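For reference, the structure is listed below as structure tokens.
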Amino acid sequence: MDLTDAVAVVTGASSGLGTHFSRTLIERGATVYGLARSAEPLEALRDDVGDAFHPLPCDVRDEAQVEEAFATVRAESGRLDVLLNNAGLGQFGPVDDLPLEEWDVQMDTNLRGVFLCTREAVPTMREQNEQSGFGGHVVNIASIAGLLGNPNLTAYNASKFGLRGFSEALMKEVRDDGIKVTCLYPGSIETNFFDVAGVEMTDNPLQPEDVAATVLHVLESPANHLISEVVMRPLRPRG
């Protein structure tokens, strides 16, 4: 896809990987609608990267807010070329000590949010395919925890394994509509994720700009070239 003048929605755009994804897409000429719960960091990002970034305060777990956000994108841009489902979080602990609210927030953010955003994006992309022969691209940011189970990660593992299944099923469902679906499985990345999760990060994690470069490579692949899965790990996680 040529990202010049493309329209993208990036969830979880207010921090971490989301800011890097937004910057990278804008540098390639795209217009980015950034979704996150907090308006202030979104506004700060717009001040930094310019008017090609459109802040949209939205909790991806909330159906009404998601519907309103995507209605705004359609009304202002008339199209949607990229949906980058990046919003996610992890909260770790023994299964018999994990509060129900921590289980629920991971399922609601890591799975429900992806479903709600994708459900809004697909009809627009299908219409675009009927008009031009190419619908768009959905990129889901999972985790290596969507491939490998680990102790004290039961909720996070379950949500990311679920995202893997969702992504594979969606890919097969919409590929004939000219819609690409890619699921990424990164290992540890140097963001604030581990601070939120309350665990230590590896000594030598992936860098967010390198993950963003991989997303860019996936999006700019030729029209009939579908990269459905990408696994990324630091080569020397212990330095």
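Worth saying up front: this structure is predicted, and the values here are computed from it rather than measured.
Closest non-hydrogen pair, Ala142 versus Pro186, comes out as O-CD, 3.8 Å. Here the closest heavy-atom approach between residue Trp103 and residue Ala158 is recorded as CH2-CB, 4.1 Å. Residues Val60 and Ala87 come closest through the heavy atom pair CG2-CB, 4.2 Å. Between Ile141 and Lys160, the shortest heavy-atom distance links the atoms O-NZ, 3.2 Å. Closest approach of Val105 to Arg61, counting heavy atoms only: CG2-NH1, 3.1 Å. Contact record, Ala212 with Thr24: CB-OG1, 3.5 Å, taken as the closest heavy-atom pair.
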For this session: Could you go through the side-chain contact (heavy atoms from CB on, under 4.5 Å) check for Phe21 and Val211 one step at a time?
Result: CA-CA 9 Å; Phe21 292 150; Val211 179; 4.1 Å; yes

Problem set entry | Test side-chain contact (heavy atoms from CB on, under 4.5 Å) applied to Arg112 and Met107, step by step | CA-CA 6 Å; Arg112 175 185 169 92; Met107 295 301 164; over 6 Å; no

Exercise. Step by step, would you call Arg236 with Asp203 a side-chain contact (heavy atoms from CB on, under 4.5 Å)?
Worked result: CA-CA 9 Å; Arg236 296 184 176 90; Asp203 294 332; over 6 Å; no

For this session: Report the C-alpha distance between Leu147 and Ile144 in whole Å, list the side-chain angles of each, state the deciding distance to 0.1 Å, and finish with yes or no for side-chain contact (heavy atoms from CB on, under 4.5 Å).
Result: CA-CA 5 Å; Leu147 303 173; Ile144 201 74; 4.1 Å; yes

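In this structure, Val7 is not a member of the same hydrophobic cluster as Phe134, with clusters built from ILVMFWY side-chain heavy atoms closer than 4.5 Å. By the rule that hydrophobic residues join a cluster once side-chain heavy atoms approach within less than 4.5 Å of another member, Phe115 and Met125 end up as members of one cluster. With hydrophobic clusters built from ILVMFWY side chains whose heavy atoms lie under 4.5 angstrom apart, Leu116 shares a cluster with Val181. In the hydrophobic cluster analysis, where Ile, Leu, Val, Met, Phe, Trp and Tyr join through side-chain heavy atoms closer than 4.5 angstrom, Leu148 is grouped together with Val231. Connection of Leu3 to Val230 is established within a shared hydrophobic cluster, with ILVMFWY side chains joined at heavy-atom distances below 4.5 Å, either directly or through further cluster members.
The line from CZ of Arg164 to OG of Ser159 is 14.0 Å long, rounded to the nearest 0.5 Å. Within the model, atoms CG of Leu163 and OG of Ser143 stand 10.0 Å from one another, a figure rounded to the nearest 0.5 Å. Rounded to the nearest 0.5 Å, atoms CG (Asn85) and CG (Leu184) are 12.0 Å apart. Taken from CG in Asn110 to OH in Tyr156, the straight-line distance is 6.5 Å, to the nearest 0.5 Å. Between atom CE of residue Met171 and atom CD1 of residue Ile227 there is a gap of 12.5 Å, rounded to the nearest 0.5 Å. Note that OG of Ser77 is 10.5 Å distant from CG of Asp5, once rounded to the nearest 0.5 Å.
Residue pairs meeting the ring pair (Phe, Tyr, Trp, His ring centres under 6.0 Å) criterion with at least one member in residues 44-88, sequence neighbours excluded: Tyr33-His54.
More than 12 heavy atoms of other residues, nucleotides or ligands shown are found within 6.0 angstrom of CG on Asn152. At most 12 non-hydrogen atoms from other residues, nucleotides or ligands lie less than 6.0 angstrom from CD of Glu68. In Arg119, the CZ atom is crowded: over 12 heavy atoms of neighbouring residues, nucleotides or ligands sit closer than 6.0 Å. Under a cut-off of 6.0 angstrom, the local environment of CZ in Arg74 is crowded, with over 12 non-hydrogen atoms contributed by other residues, nucleotides or ligands.
With Cys117 as the partner, the side chain to side chain contact (heavy atoms under 4.5 Å, CB included) test is satisfied by one option alone out of Leu84, Thr11, Val9: Thr11.
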Would you mind writing out the side-chain donor-acceptor pairs for residues 43-50 within the sub-3.5 Å range, not counting sequence neighbours?
unit_1, atom_1, unit_2, atom_2, d
Glu43, OE1, Arg46, NH2, 2.4
Asp48, OD2, Arg23, NH1, 2.8
Asp48, OD2, Arg23, NH2, 2.4

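Taking the side chain as every heavy atom from C-beta outward, Val82 and Leu219 approach each other to under 4.5 Å. Residues His137 and Thr182 are in side-chain contact: their nearest non-hydrogen atoms beyond the backbone lie under 4.5 Å apart. Contact annotation: the side chain of Leu56 approaches that of Thr72 to within less than 4.5 Å [non-hydrogen atoms, C-beta and beyond]. The shortest side-chain heavy-atom distance between Phe166 and Thr118 falls under the 4.5 Å cut-off. Residues Arg175 and Lys180 fail the side-chain proximity criterion, which asks for heavy atoms closer than 4.5 Å. Residues Leu17 and Ile189 are in side-chain contact: their nearest non-hydrogen atoms beyond the backbone lie under 4.5 Å apart. Counting heavy atoms from C-beta on, the side chains of Asp81 and Arg79 come closer than 4.5 Å. Counting heavy atoms from C-beta on, the side chains of Gln65 and Pro57 never come closer than 4.5 Å.
Residues Arg28 and Glu220 are paired through a salt bridge, judged by an N-O separation under 4.0 Å between the basic side chain and the carboxylate. Salt bridge status for Glu168 with Lys172: present, with a side-chain N to carboxylate O gap under 4.0 Å.
For the pair Thr19 (side chain) and Gly16 (backbone), a donor-acceptor distance under 3.5 Å is present. A donor-acceptor distance shorter than 3.5 angstrom exists from the side chain of Asn157 to the backbone of Ala145, with no hydrogens or angles considered.
Residues Ser167 and Asn140 bring a donor and an acceptor atom of their side chains to less than 3.5 Å of each other. For Glu229 and Tyr185, the side-chain atoms include at least one donor-acceptor pair closer than 3.5 Å.
Every residue meeting the salt bridge (charged side-chain N to carboxylate O under 4.0 Å, His left out) condition with Arg126, not counting sequence neighbours, appears here in chain and number order: Asp177.
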